[in-house]
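The sequence lines fix the lettering, A, B, ..., with proteins before strands; numbering per chain opens at 1.
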Amino acid sequence: MKNNYDILVIGGGPAGALAAKTAAKAGNSVCLIEKRPAIGTPVRCAEGIGKELLKEYIKPDPRWISADIESARIIAPNGTAIRLDQDRAGSEVGYVLDRKVFDRELVWQAAEAGADVIVKTRATAPIMENGAVRGAKVLSAGTPADIRAEVVIAADGTEAQFARRAGLDTTVPLREMMSCAQYLMTDIDIDAGSTDFYLGNEIAPEGYLWVFPKGDRTANVGIGITGRKSRDGSRAKDYLDRFVAKSFPDGKTIEAIAGGVPVCRPLACTVGDGLLVAGDAARVVDPITGGGIGNAMYTGRLAGEVASKCIEAGNCSKEALMPYDTEWRASRMGMTIERNYKVKEYFITLDDTKLNTLADSIASISFSEFSVAALIRELIKRNPKMLLELKALKDTLA
Amino acid sequence: MSTMLRINRDKCGYCGTCVAVCPEDALELIDAYLSLERECIACGICARACPLGALEVVHEE
């Protein structure tokens, strides 16, 4: 194993892969380490992503697209469905990916660009010198080693332990941790072209339950609930089992997974001396949808670009790396996260009666745009009696 | 009497949700098992967050 690189990337998900590929293409020596023995598995994801967002990073390929989605349905507690169609919304709805293959493709591309890839290798601690990150202490298949680098890009996902050990606070408050469980189910009656989102405090407190098709009669059926409502007898798995028993009693589960999705604000600062934090580790997940793949690819690529520039300039201090933090915060992604965080904070205050009222008010509308902003505009327009209450929501669009 | 965290490895889904909410950085997801690597204060936050109910704070005489 080589012990010295320009850039060390921790984590082989979409953020790490894009960071490694970008940095290697810029001519740097790059090492990507993954603690699991295999890239892409086990999956900890519902696998949905917007089509346009995906295309900014990679050409869609049927090898890792499980389903092409034509419409989305949001189902209120009383069963009212708000339907968003692709023909009215352009091609913005989405794909459901096969992350096992998708993640491998991304890491393959990083390797092809020249990055070294080492699996079953876990960063146990940052190498710190005068307060700066200078690499990582690792355990590679049980053997300890030091890997030194000018810049470390921490893309270690929900756990986010590397940045934490380098001095950044990455702890997610319990109420903002979505506790999730998902079954990959087959032999179930679903609309293979529609992603369904079920809302309600009985069905998924402060979160939602999803049915994302993976092909004919097959889907990711999953749920996320707030950590503060999670306890014995009412955990994510319990809610999911109840829904499955009612909706898909004869379905077969061929994979059962769990996961945590942080829906807090992004880290207060995503850089340090010799350190950049990207993807779920930076907490750049959309607080409304819980989607993180696109944001991970965006921040990973940006981290790779900024790290490359700083290495070329010979200065990898926090100050020199700061343009990474500034740029993503000012980006469309950064603005959307901030707005959707406020929208989420409003929506979690609604009881089921109010959710039903709001859903009923917009159920018959043909949406010309598939977006949170379009939904909010219609909700405000159609619920004049709730104007005072909806003010918080209206302010998020300002 | 002492309190400690018990990990039920048969229930655990190795997802790392507990790791991200631990205020002490005491838990670590190592490949396919969860490990208590550092000092645990038995606060129980991880046990709440767990989607599968694999963690439990137990009191022992």
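Of the two parts of A/T170, only the backbone, made up of N, CA, C and O, holds a non-hydrogen atom closer than 4.5 Å to a non-hydrogen atom of chain B. When heavy atoms are compared at a cutoff of 4.5 Å, A/K229 approaches chain B solely by way of its backbone atoms N, CA, C and O. Neither the backbone nor the side chain of B/E56 comes within contact range of chain A; no heavy atom of the residue lies under 4.5 Å from a heavy atom of that chain. Of the two parts of A/R175, neither the backbone nor the side chain holds a non-hydrogen atom closer than 4.5 Å to a non-hydrogen atom of chain B. For B/C50, the parts lying near chain A are the backbone and the side chain together; criterion is any non-hydrogen pair under 4.5 Å.
There is no side-chain donor-acceptor pair under 3.5 Å between A/T41 and A/R36.
A ring-centre distance under 6.0 Å is found for A/Y198 and A/F243.
Annotation: cation-pi pair A/R99/A/F102 absent, no NZ/CZ under 6.0 Å from the ring centroid and within 45° of its normal.
With respect to chain B, the highest number of heavy-atom pairs below 4.5 Å among A/M178, A/R165, A/R228 belongs to A/R165. Per-residue counts of heavy-atom pairs under 4.5 Å with chain B were compared for A/A281, A/P37, A/A181; the largest is that of A/P37. With chain A as the partner, the residue from B/L52, B/D25, B/I30, B/V21 showing the most heavy-atom pairs under 4.5 Å is B/D25. Contact count against chain A (heavy-atom pairs under 4.5 Å) is highest for B/A49 among B/C46, B/C12, B/A49. In terms of heavy-atom pairs under 4.5 Å with chain B, the best-connected choice from A/G260, A/P42, A/S179 is A/S179. Among A/K35, A/R122, A/K120, the residue making the largest number of heavy-atom pairs under 4.5 Å with chain B is A/R122.
Between A/Y208 and A/W210, the ring-plane angle classifies as perpendicular under the 30° and 60° cut-offs.
Screening A/D156, A/T171, A/D169 for a side-chain hydrogen bond (donor to acceptor under 3.5 Å, both in side chains) with A/R164, the sole residue that qualifies is A/T171. Of the candidates A/V221, A/N220, A/T253, A/I223, A/Q182 forms a side-chain contact (heavy atoms from CB on, under 4.5 Å) with just one, namely A/N220.
Looking at A/V119 and A/I39, their side chains come closer than 4.5 Å, going by heavy atoms from C-beta outward.
With salt bridges taken as basic N to acidic carboxylate O contacts below 4.0 Å, one links A/K344 and A/E176.
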